[in-house]
Participant: 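Let me begin by handing over the structure; questions about it come next.
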Amino acid sequence: MSTNLKYLSLGILVFQTTSLVLTMRYSRTLKEEGPRYLSSTAVVVAELLKIMACILLVYKDSKCSLRALNRVLHDEILNKPMETLKLAIPSGIYTLQNNLLYVALSNLDAATYQVTYQLKILTTALFSVSMLSKKLGVYQWLSLVILMTGVAFVQV
């Protein structure tokens with residue numbers, strides 16, 4: 001992969017993440033009359049859009065045939081109930097997390113939220129070391145220390 005494409009991808013990802021947080025924060029703190037929208041509704045609509053996008057991609061992958069799409073969905077979802085059920089716990093936690101993100105953005109300023117939210121990287125690294133016996137290199141540990149230091153500075 002070319003260096004320019006890597007930096008372009010990084011820039012787009014930073015822009016997308018930052019604009020998402022700022023837009024969510026702005027929409028949750030508007031000083032207009034009337035009730036705010038329900039964050040749970042926003043989460044459900046976002047998940048429905050993802051489902052529709054996935055179904056469209058599977059439809060395209062199955063040569064734009066409704067019969068093939070129906071067969072793939074039936075084979076992968078209905079014919080494998082235990083595999084589908086295994087996804088219930090992570091998807092439930094993910095839904096809870098998305099709802100909590102709205103609560104956090106309603107009560108924190110955007111910068112504090114964004115930096116604190118990056119602690120997910122630290123917890124993921126610590127769990128992968130402790131539970132999965134993964135080894136981290138010196139630069140990875142140094143990056144985690146810098147991340148913790150940055151979060152501590154923002155909190156102070």
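Nothing fancy with the numbering, it's 1 onward along the sequence.
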Participant: Nearest 0.5 Å please: distance from the CE atom of Met24 over to the OG atom of Ser39.
Facilitator: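 Answer for the CE-OG pair, Met24 versus Ser39, is 8.5 Å.
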Participant: Partners of Asn107 by side-chain hydrogen bond (donor to acceptor under 3.5 Å, both in side chains), sequence neighbours excluded?
Facilitator: none
Participant: To the closest 0.5 Å, what do you measure between CG (Leu126) and CG (Leu136)?
Facilitator: 8.5 Å
Participant: First locate atom CD of Gln97, then atom OH of Tyr117, and finally report the distance between them rounded to the nearest 0.5 Å.
Facilitator: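 Answer rounded to 0.5 Å: 4.5 Å.
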Participant: Quick check: is Leu57 connected to Met52 through a chain of hydrophobic side chains (ILVMFWY, heavy atoms under 4.5 Å apart)?
Facilitator: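 No, Met52 does not connect to Leu57 through the hydrophobic network.
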Participant: Rounded to the nearest 0.5 Å, what separation is found between the CG atom of Leu85 and the CE atom of Met82?
Facilitator: 5.5 Å
Participant: Can you get from Val138 to Ile146 by hopping between Ile, Leu, Val, Met, Phe, Trp and Tyr side chains that sit under 4.5 Å apart?
Facilitator: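 Hydrophobic grouping puts Val138 apart from Ile146.
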Participant: Identify the heavy atoms of Thr18 and Val14 that sit nearest to each other, and give their distance.
Facilitator: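 Thr18 and Val14 have their closest heavy atoms at OG1-O, 2.7 Å.
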Participant: Are any non-hydrogen side-chain atoms of Gln140 and Leu144 less than 4.5 angstrom apart?
Facilitator: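 Result no, sub-4.5 Å side-chain heavy-atom pair not found.
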Participant: Is any side-chain heavy atom of Val21 closer than 4.5 Å to a side-chain heavy atom of Leu101?
Facilitator: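 Side chain of Val21 against side chain of Leu101, heavy atoms only: no contact under 4.5 Å found.
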Participant: Evaluate the side-chain proximity of Arg25 to Tyr113: yes if any heavy-atom separation is below 4.5 Å, no if none is.
Facilitator: no
Participant: Mark yes when over 12 heavy atoms from residues, nucleotides or ligands other than Lys50 sit less than 6.0 Å from its NZ; otherwise mark no.
Facilitator: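 Buried by this count: over 12 neighbours within 6.0 Å.
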Participant: For Tyr37, does its backbone N or O pair with a side-chain atom of Arg28 as donor and acceptor, under 3.5 Å?
Facilitator: yes
Participant: Please say yes or no: joined through hydrophobic side-chain contacts below 4.5 Å, possibly via intermediate residues, are Leu38 and Val45 part of one cluster?
Facilitator: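 No: no chain of side-chain contacts under 4.5 Å links Leu38 to Val45.
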Participant: Grouping I, L, V, M, F, W and Y whenever their side-chain heavy atoms are under 4.5 Å apart, do Trp141 and Leu147 come out in a common cluster?
Facilitator: yes
Participant: If you measure from CG on Leu5 to CG on Leu10, what distance do you get to the nearest 0.5 Å?
Facilitator: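 Those atoms lie 11.5 Å apart.
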Participant: Under a 3.5 Å distance rule, please check whether Tyr59 uses its side chain to pair with a backbone N or O of Cys64 as donor and acceptor.
Facilitator: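 Pair found, side chain donor or acceptor close to backbone of Cys64.
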Participant: Could you walk me through whether Phe127 and Leu122 pass the side chain to side chain contact (heavy atoms under 4.5 Å, CB included) test, one step at a time?
Facilitator: CA-CA 9 Å; Phe127 281 134; Leu122 176 65; over 6 Å; no
Participant: How about Val43 and Tyr102: do any of their side-chain heavy atoms sit closer than 4.5 Å?
Facilitator: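 The answer is yes, as the side chains (C-beta and beyond) meet within the 4.5 Å cut-off.
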Participant: Roughly how far, to the nearest 0.5 Å, is the CZ atom of Arg71 from the OG atom of Ser65?
Facilitator: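 Here the interatomic distance stands at 7.0 Å.
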Participant: Do Thr95 and Val44 pass the side chain to side chain contact (heavy atoms under 4.5 Å, CB included) test, and can you show the C-alpha distance, the side-chain angles, and the key distance before you say yes or no?
Facilitator: CA-CA 9 Å; Thr95 302; Val44 168; over 6 Å; no
Participant: With side chains defined as the heavy atoms from C-beta onward, is the minimum distance between Tyr7 and Thr3 less than 4.5 Å?
Facilitator: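 Touching, per the 4.5 Å side-chain cut-off.
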Participant: When clusters are formed by joining ILVMFWY residues with side-chain heavy atoms under 4.5 Å apart, either directly or through shared neighbours, do Leu108 and Leu100 land in the same one?
Facilitator: no
Participant: Hey, does Leu66 have a side-chain heavy atom less than 4.5 Å from the side chain of Asn70?
Facilitator: no
Participant: May I ask you to test the Thr84-Leu78 pair for a side-chain heavy-atom distance under 4.5 Å?
Facilitator: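 Not in contact.
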